[in-house]
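Atoms within a ligand are numbered from 1 in the order they appear, just like the ligands themselves.
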Amino acid sequence: MKNIKFYIETIGCQMNVNDSDKMAEVLSEKGCLRTQDMSQADIVIVNTCSVRFSAEHKAYSLLGRLKEQKDINPDLIIGVTGCMAEYAAKEIKSRCKYVDFVLGAKKVDLFSETVSKYISVQPESKYKQENSEVFKYITIMRGCSNFCSYCIVPHVRGPEVSIDYNQILKEVNETIDAGTKEIILLGQNVNSYNYNGVNFTQLLQKISQIDKVQRIRFMTNHPKDFSDELIDEIATNKKICRHIHLPLQSGSDNILKAMNRKYTYEQYKNLYEKIKNKIPDINITSDIIIGFPGETDSDFQDTFNASRQLQFGGLFIFKYSPRPKTYAAKLKNTVPLETIKKRHTLLLEDSNIISKNINEKYIDKTIEVLVENVNDGIAEARNSQNIKIFFDTKENLKGKTVNVKITKVLPNSMSGILQ
Ligand code: SAM
Ligand code: SF4
């Protein structure tokens, strides 16, 4: 009997990558084989995101291509999962009648049951896929209760729920035993993790006590919940990577208030400086939204100045996208798209210069990196600060920690020579 092949397209954030991994595990346990070639697949899962309109557009254009594939192969099974499947199930079903099932983000636990209706377990090939990934995302909490006024996440993923730490530790142990070196803990606001009185700092301590865990990363952090206790833990715990993603969103207090972020720029700056003082080798990156309703030239200038003043190691700059169900989508004082584009380019160009300048300090320095992949003689690795590093090698160094002398830097990556 021929193995059923499956393909998963993940759209959006790391939370979705983790859900896709879980669905891949379910399908592998049922004897199906993962393929990276969508045209060869018998089952295609489109794991959607709805944080920005562009992610939804991407999902519909992929579904359009899948219709052509299904016209040629009517046995093809198509499933749509994730955030968009949660709140726009009706629309997906009516626009794409050829889709076999739509399963929202809140029902990801029902994936096994749902997919079983379309495939039978193939006994001769029943196996659990070996996990040999260098790093693995592990979800520690679901949903979000913060209701930032622009954000769809609380509306589609529901309120924040922390996962039992015993379950998290079990998952960490399993993945580490299978060869994973680095654990990346995921949640919309990991700083407010709390399960039966165990907070995020205590969870980090429990995970770092597992011998074979080499590196721990986590994201995302909300500035309002970043405690001194957590800063001290990162400063003293060598297994925790020297990288913190700390979204600012805007440098203007008016906009931060309208966004319901619950901090002022001054409070953010104080936290930023406290972290930098206590952990000098930390790399802090951030998110910015350009063009939130009511953003004036002066508000934008505040954001631009904040980026210059704080000198982030990396900045993800998003154009504001009105999302259904959110408070901000009802605001009338929208910013023209042309203005948003202009401000986006200005900030992007300036922040790229800043990140590149920061990386210049690595030139001629030898640093430790963990190799994530080797393809065609080029290794892709990452340092503790989460900067991508490329170097030439003839060896298969995947999963190994090696030293590299940095010879060239760009805003978001560096390259060097293996030592
Ligand atoms: N929970 C995380 C936090 O508070 O930082 C981030 C989650 S969100 C999926 C990732 C980023 O997308 C946010 O930090 C924000 O910058 C951006 N984002 C969210 N909603 C957006 C919207 N409606 N338009 C543009 N960017 C948005
Ligand atoms: Fe969205 Fe704000 Fe929650 Fe992040 S903290 S997921 S931006 S509501």
Under 4.0 Å, heavy-atom basis, I'd like to know which part of M15 is in contact with ligand 2: side chain, backbone, both or neither.
neither

Considering only non-hydrogen protein atoms, determine which one is nearest to atom 7 (S) of ligand 2 and report residue, atom name and distance to 0.1 Å.
Y150 OH, 3.4 Å

Testing I184, T180, L370 one by one against R215 for a side-chain contact (heavy atoms from CB on, under 4.5 Å), which residue passes?
L370

So if I count the atoms of ligand 2 from 1 in the order they appear, which ones are less than 4.0 Å from some heavy atom of C151?
1 (Fe), 6 (S), 7 (S), 8 (S)

Take a 6.0 Å sphere around NZ of K90 and say whether it holds more than 12 heavy atoms from other residues, nucleotides or ligands.
no

Greater than 12 external heavy atoms within 6.0 Å of K405's NZ:
no

I'd like to know whether ligand 1 has K319 as a neighbour, heavy-atom separation below 4.0 Å.
yes

Using a 4.0 Å heavy-atom threshold (strictly under), name the region of R323 that reaches ligand 1: side chain, backbone, both or neither.
side chain

Could you walk me through whether D225 and S192 pass the side-chain hydrogen bond (donor to acceptor under 3.5 Å, both in side chains) test, one step at a time?
CA-CA 6 Å; D225 295 310; S192 64; 4.5 Å; no

Would you call the rings of Y263 and Y268 parallel, tilted or perpendicular, taking 30° and 60° as the class edges?
tilted

Check whether the ring centres of Y272 and F312 lie less than 6.0 Å apart, and answer yes or no.
yes

Should R52 be counted as touching ligand 1, given the test is an N or O pair under 3.5 Å?
yes

Assess whether atom OH of Y327 is packed by more than 12 heavy atoms of other residues, nucleotides or ligands within 6.0 Å.
no

Looking only at non-hydrogen atoms, which of C148, S145, C144 approaches atom 2 (Fe) of ligand 2 most closely?
C148

Go through ligand 2 atom by atom and flag the ones less than 4.0 Å from a non-hydrogen atom of F147.
8 (S)

Passing candidate, salt bridge (Lys or Arg N to Asp or Glu O under 4.0 Å) with R343, options D297, D299, D302, D350:
D297

One finds that the ligand 1 atoms under 4.0 Å from a non-hydrogen atom of R261 are 4 (O)

Examine H245 together with F316 and report whether their ring centres are nearer than 6.0 Å.
yes

Against heavy atoms of P154, which atoms of ligand 2 measure under 4.0 Å?
8 (S)

Determine whether the side chain, the backbone, both or neither of P247 has a heavy atom under 4.0 Å from any heavy atom of ligand 1.
side chain

Judged by non-hydrogen atoms, does N189 sit under 4.0 Å from ligand 1?
no

closest protein heavy atom to atom 23 (N) of ligand 1 is S321 O, 2.8 Å

Residue and atom name of the nearest protein heavy atom (relative to atom 5 (S) of ligand 2), distance in Å to one decimal
N146 ND2, 3.5 Å

Test of proximity, N221 against ligand 1: N or O pairs below 3.5 Å:
no

Of all the non-hydrogen atoms in the protein, which one sits nearest to atom 6 (C) of ligand 1, and at what distance?
Q188 OE1, 3.9 Å

Heavy atom of the protein closest to atom 20 (N) of ligand 1 (residue, atom name, distance)
Y150 CD1, 3.3 Å

Answer with side chain, backbone, both or neither: which part of F318 has a heavy atom less than 4.0 angstrom from an atom of ligand 1?
side chain

Among M15, Q249, M259, whose heavy atom sits nearest atom 16 (O) of ligand 1?
Q249

Please confirm whether the ring centroid of F101 lies under 6.0 Å from the ring centroid of Y118.
yes

Is it the case that N146 and E160 place a side-chain donor and acceptor less than 3.5 Å from each other?
no

Looking only at the side chains, is there a donor atom on one of D37 and S39 sitting less than 3.5 Å from an acceptor on the other?
yes

Closest approach of any protein heavy atom to atom 11 (C) of ligand 1, naming residue and atom
D287 OD2, 3.5 Å

Less than 4.0 Å is my threshold; does some heavy atom of R261 fall inside it relative to ligand 2?
yes

Using the benzene-type ring in the case of Trp, are the ring centres of H155 and F147 under 6.0 Å apart?
yes

Can you name the atoms of ligand 1, numbered from 1 with element, that are less than 4.0 Å from a heavy atom of T220?
2 (C), 3 (C), 5 (O)

Using the ring centroid of each side chain, check whether F200 and F218 are separated by less than 6.0 Å.
yes

Please could you name the atoms of ligand 2 that Q188 approaches to less than 4.0 Å, counting only its heavy atoms?
6 (S)

Counting only heavy atoms closer than 4.0 Å, does ligand 1 sit against the backbone of V51, its side chain, both, or neither?
both

